[in-house]
Amino acid sequence: MSTDTAPHFIRDLIAADLAEGKNGGVIHTRFPPEPNGFLHIGHAKAIHLDFGMAAEFGGECNLRFDDTNPVKEETLYVEGIKEDIRWLGYAWDHELYASDWFERLYELAVQLIRKGLAYVDNQSLEQIREGRGMFKRPGVDSPFRTRSVDENLALFEKMRAGDFAEGEAVLRAKIDMSSPNMNLRDPIMYRILKAHHHRTGDAWCIYPMYDWAHGESDALEGITHSLCTLEFENHRPLYEWFVDHLDGLPVRPRQIEMARLNLSYTVLSKRKLLRLVKEELVDGWDDPRMPTLVGMRRRGYSPAAIRQFCDRIGVAKRDGVVDVTLLEHALREDLNETSIRVMGVIDPLEVVIENFPEGHTEWFEAPLHPTRPELGMRRIPLSRRVYVERDDFREVAPRKWRRLSPGAEVRLRYAALITVREVVKDAAGQVVRLICTYDPDAVGGDPTDGRKVQGTLHWVSAEHAVSSQVYLYDRLFTVPAPDAEEADFTTFLNPDSLQVMGGAKLEPYLATVAPETRVQFERLGYFVAEGEGGARFNRTIGLRDSWARVERSEPKPAAPAAPEEKKMTEETVTAEVIEVSAREDREPAKEVITFDDFAKLDLRVGVIREAGPVKGARKLLRLGVDLGEGRLRQVFAGVAKAYPDPSVLLGESVVVVANLAPRQMSFGLSEAMILAGGGGTDRLGMTTLKGTFLPGDTVT
RNA sequence: UGGGCUGUGGUCGAAUUGGCAAGACGUCGGGUUCUGGCCCCGAAGGUUCUAGGUUCGAGUCCUAGCAGCCCAACCA
């Protein structure tokens, strides 16, 4: 199953051990999850390595649940974890639990006591912590450290029998209270927990600690290479101390540590993921925005893409942050190869082909994959009314525009060539319909005269369309390293990480796909079917979009559109929003708002009721804006230079972005932004509206 | 002078163990195209954490620093 070929130090170490004939020349690994949460992409890295190394060197890999803490663990999680591993494409050789070894572990502990290497300590938790000392100060021996072997044996038996209450006694290894390594200052091996265990029930009231249970379980089940993450490096001396002081172990396991995976724009700590779930910041462990395996599965990730990603990131000891784009690349690479192509319109704009016969349907055959004919064909109907993507039409075509605009001819993929003849708008000026004509000779979209057609669009026949809800997912966080920031990571949650498009229209073929089918909506991205009948699709990831890059890099017009013209081109707006936004942003380039974002803005008419300077900020004006909400919103706008006398603004109608998160500035809370713009200071100004508007009116 | 680990283009990561600093992602430019996708071609980007030293030759060895991460749960 492993496709891993890149060299890394763990492979080298294993190969060397095998060459030396250690442990009889066999390799046996294990993946040891604690059943207290769901697996995430970081675990996938470990799984890939554990199973991959065993497979590559002809050994076995166990699944062993590290269930040594009954108060935190649940059966629910063990089933989930097993399902995730299977889904990822791995099969374990033996399913085991640390709890399977409780009796053997107990015997080994007795062996250590007999050797005088472990003792029962009756100090309190606080006393033990106190006695352990500090980093720079050695610990002191417990007064119970010198108990006789017989006494320890008897006491340990009483611990197991339940004669002590929780906290009254622990079993400790007798190592070195002055070791610079805290783990060797007589670590606790057993504590008393009168809790019900999900597998052993009430059979035990003493439970082994990680360091004791993990290494010895490894040894007992014949694990030769125990791969784990860097934070256990300090534990290795203890791991080795235990196996070296015990007789009769079948193998001498070796612990090897590697860096855990960190991914940009997300968090990968179980604690933080649990918080997202518990505080309902996401819809559960399987929310498609979660980096959990269940979440990624619902998002549409393929196991192969995840495995490929694990290959690409390699294995090393340096801890860094892997760029999500690497994951996304692996995803697209696999999905491009495996996903069938279909058409779906997410934000429909109606097109009427006026010279197409009423009531007539034309059917076209189209391949389900551009380079893999074996995946078959599907039929696509064309009728007089079709839907195209609203974003594919511009009343005023920008430079290099290859889509719909008045008079322009484009291709409806696989079907026809159409030209926009008329733009129909509603009372508010919103485009509601395009009247087009098509070229009846260009059957299937092939012009007979060899003329060049500038663009090809996806579309859906209105009459045959399947209605669907499309869930658009985006990154969960707005910053590359949410847990490296000073503020709590939840403050960086991306408010636009989910957008539900309720009115999507899909080609009829989509009604037939099975749940979890991964498809590419041509020109839009990869999506996965959730449920039956095409009723819901989740966007896995968009296509690479070089048009978006072109758009971003186009020079922006210097001045805003004329004040009385409410409609503006997107470039204008982009420039203006930047103009008013705060300057201390760390990554200005990322602050550019795309057309998609623009559609999410709630633009409203605001009437300025208050206007005045801001003390300590030459460029800012403090405005009180009436949005018809029964109160004034306070807005700080960087337009002071344009209005030496702010009072001229009183009573003016301006365009307000009403649905932005309020921004805390040092002078006060800014509760909205006002559209303004200009090529230079001399032409700086706010867009004002002339005519009769009511505060709160929507601007389109 | 607590201990351990790690420092290689923006990111992840190799370097036959002392011999021309791989590759991938990302970025930029071009070609192709009935997906502004895929694919193809090209480019930019490095004082290998710093300073000394050994050597014909140092990412690799030595010395001294610096930076980051981990460790004081009866968690794993």
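Chain naming here is simple, since letters A, B, ... match the order of the sequence lines and numbering starts at 1 in each.
As judged by a 4.0 angstrom heavy-atom cut-off over every strand, A/G320 is placed among residues touching the sugar-phosphate backbone only. Within the nucleic acid shown, A/M343 has no heavy atom closer than 4.0 Å to any nucleic acid atom. Looking at heavy-atom distances under 4.0 Å, A/F232 makes contact with a base. In this structure, A/T68 reaches the sugar-phosphate backbone alone: every heavy-atom distance under 4.0 Å involves primed, P, OP1 or OP2 atoms, never a base. Among the heavy atoms of the strands lying under 4.0 Å from A/R403 is at least one base atom, whether or not backbone atoms are also near. Within 4.0 Å of A/P370, counting heavy atoms only, lies at least one base atom of the nucleic acid. Using a 4.0 Å heavy-atom distance criterion, A/S124 is classed as a base contact. Across all strands shown, A/E337 has no heavy atoms under 4.0 Å from either base or sugar-phosphate atoms. Contact annotation for A/N183: no contact, since no heavy-atom pair falls under 4.0 Å across all strands.
For the OP1/OP2 pair of B/G36 and a distance below 4.0 Å, the side-chain nitrogens and oxygens of A/R523 include at least one atom meeting the criterion. Between A/T371 and B/C38 there is no side-chain polar atom (N or O) within less than 4.0 angstrom of OP1 or OP2. For A/R260, no side-chain nitrogen or oxygen approaches OP1 or OP2 of B/C69 to under 4.0 Å. Not one side-chain nitrogen or oxygen of A/R137 sits closer than 4.0 Å to the OP1 or OP2 atom of B/G2. The side chain of A/R191 places an N or O atom within less than 4.0 Å of a non-bridging phosphate oxygen (OP1 or OP2) of B/C75. Residue A/T456 places no side-chain N or O under 4.0 Å from the OP1 or OP2 atom of B/U33.
When Watson-Crick and G-U wobble pairs are counted only if both distances are under 3.5 Å, B/A72 pairs with no nucleotide at all. Pair assignment for B/A22 gives none, since no Watson-Crick or G-U wobble pairing has each distance under 3.5 Å. With both pairing distances under 3.5 Å, B/U32 is matched to nothing as a Watson-Crick or G-U wobble pair. Using the Watson-Crick or G-U wobble rule with both distances under 3.5 Å, B/U55 pairs with nothing in any strand shown. Base pairing annotation: B/U47 forms no Watson-Crick or G-U wobble pair, as no partner gives both donor-acceptor distances under 3.5 Å.
Comparing B/G36, B/A73, B/U35 by their closest approach to the side chain of A/D545 singles out B/G36. Each of B/A72, B/C25, B/G36 was ranked by its minimum atom distance to the side chain of A/M134; first place goes to B/A72. Set against B/G26, B/C74, B/U35, the side chain of A/R132 has B/C74 as its closest nucleotide. Of the listed nucleotides (B/A76, B/C12, B/U27), B/A76 has the atom at the smallest distance from the side chain of A/N69. Closest to the A/I313 side chain, of the nucleotides B/U6, B/G36, B/C12, is B/C12. The side chain of A/P7 lies closest to B/A14 when the candidates are B/A76, B/A14, B/U35. Distances from the side chain of A/P180 to the nucleotides B/G36, B/U35, B/G3 place B/G3 closest. Here the nucleotide nearest the side chain of A/T325, chosen from B/A73, B/C25, B/C12, is B/C25. When distances are taken from the side chain of A/R549 to each of B/U27, B/C70, B/U11, the shortest belongs to B/U27.
Look at A/D121 and A/R147 and you find no salt bridge, because none of the NZ, NE, NH1 or NH2 atoms lies under 4.0 Å from a carboxylate O. In this structure, A/E409 pairs ionically with A/R451, as a charged nitrogen and a carboxylate oxygen lie closer than 4.0 Å. Taking a cutoff of 4.0 Å between a charged side-chain nitrogen and a carboxylate oxygen, A/E328 and A/R475 qualify as a salt bridge. Checked for salt-bridge contact, A/R394 and A/E551 meet the test: a charged N lies under 4.0 Å from a carboxylate O. Under the 4.0 Å criterion applied to side-chain N and carboxylate O atoms, A/R312 and A/E333 are assigned as salt-bridge partners. Between A/R64 and A/D218 a salt bridge is recorded (basic side-chain N to carboxylate O distance below 4.0 Å). For the pair A/D186 and A/K174, the salt-bridge criterion is not met [side-chain N within less than 4.0 Å of a carboxylate O].
With its glycosidic angle within 90° of 0, B/U17 adopts the syn conformation. Applying the 90° criterion around 0 to the glycosidic angle, B/A73 comes out syn.
Per the geometry, NE2 belonging to A/H329 stands 11 Å off P belonging to B/U27, to the nearest Å. In this structure, the CG atom of A/L524 is 16 Å from the C1' atom of B/C38, given to the nearest Å. Rounded to whole angstrom, the span from the CG atom of A/D319 across to the C1' atom of B/U11 amounts to 14 Å. Per the geometry, CE belonging to A/M209 stands 14 Å off C1' belonging to B/C71, to the nearest Å. A/L331 has its CG atom 15 Å from the C1' atom of B/C38, to the nearest Å. Rounded to whole Å, atom C1' of B/C71 lies 13 Å from atom CD of A/E257. Separating the CD atom of A/Q127 from the C1' atom of B/A73 is a distance of 17 Å, rounded to the nearest angstrom. In this entry the distance linking CH2 of A/W547 with C1' of B/U35 reads 15 Å, nearest Å.
The distance between the ring centers of A/F477 and A/Y265 does not fall below 6.0 angstrom.
Between A/E522 and A/H235, the residue whose closest nucleotide on RNA chain B is further toward the 5' end is A/E522. Place A/R544 and A/K136 on RNA chain B by their nearest nucleotides, and A/K136 ends up nearer the 5' end.
Distance check on atom P: B/G18 versus B/U60 gives 11 Å, rounded to whole Å. The gap from the C1' atom of B/C40 to that of B/G53 amounts to 50 Å, rounded to the nearest Å. On the P atoms, B/A51 is 15 Å away from B/C66, given to the nearest whole Å. Comparing B/U27 with B/G10, their P atoms are spaced 16 Å from each other, to the whole Å. A distance of about 31 Å separates the P atoms of B/G9 and B/G2, rounded to the whole Å. B/A15 and B/A73: their P atoms are spaced 38 Å apart (whole Å).
In this structure, A/H43 and A/H40 have tilted ring planes: the angle between them lies in the 30° to 60° band.
For a distance-only test at 3.5 Å, the side chain of A/N234 qualifies as a donor-acceptor partner of the base of B/G3.
Here A/F135 lies parallel enough and close enough to stack on the base of B/C71, with planes under 30° and ring centres under 5.5 Å apart.
Under the 3.5 Å distance criterion, with hydrogens and angles disregarded, no donor-acceptor pair is assigned to the side chains of A/W459 and A/Y387.
Of the residues in residues 211-221 of chain A, none has a non-hydrogen atom less than 4.0 angstrom from any atom of RNA chain B.
A donor-acceptor distance shorter than 3.5 angstrom exists from the side chain of A/R518 to the backbone of A/Y301, with no hydrogens or angles considered.
Every pair passing salt bridge (Lys or Arg N to Asp or Glu O under 4.0 Å) that includes a residue from residues 231-242 of chain A is listed here, sequence neighbours excluded: A/E231-A/R260, A/E233-A/K317, A/R236-A/E257, A/E240-A/R252.
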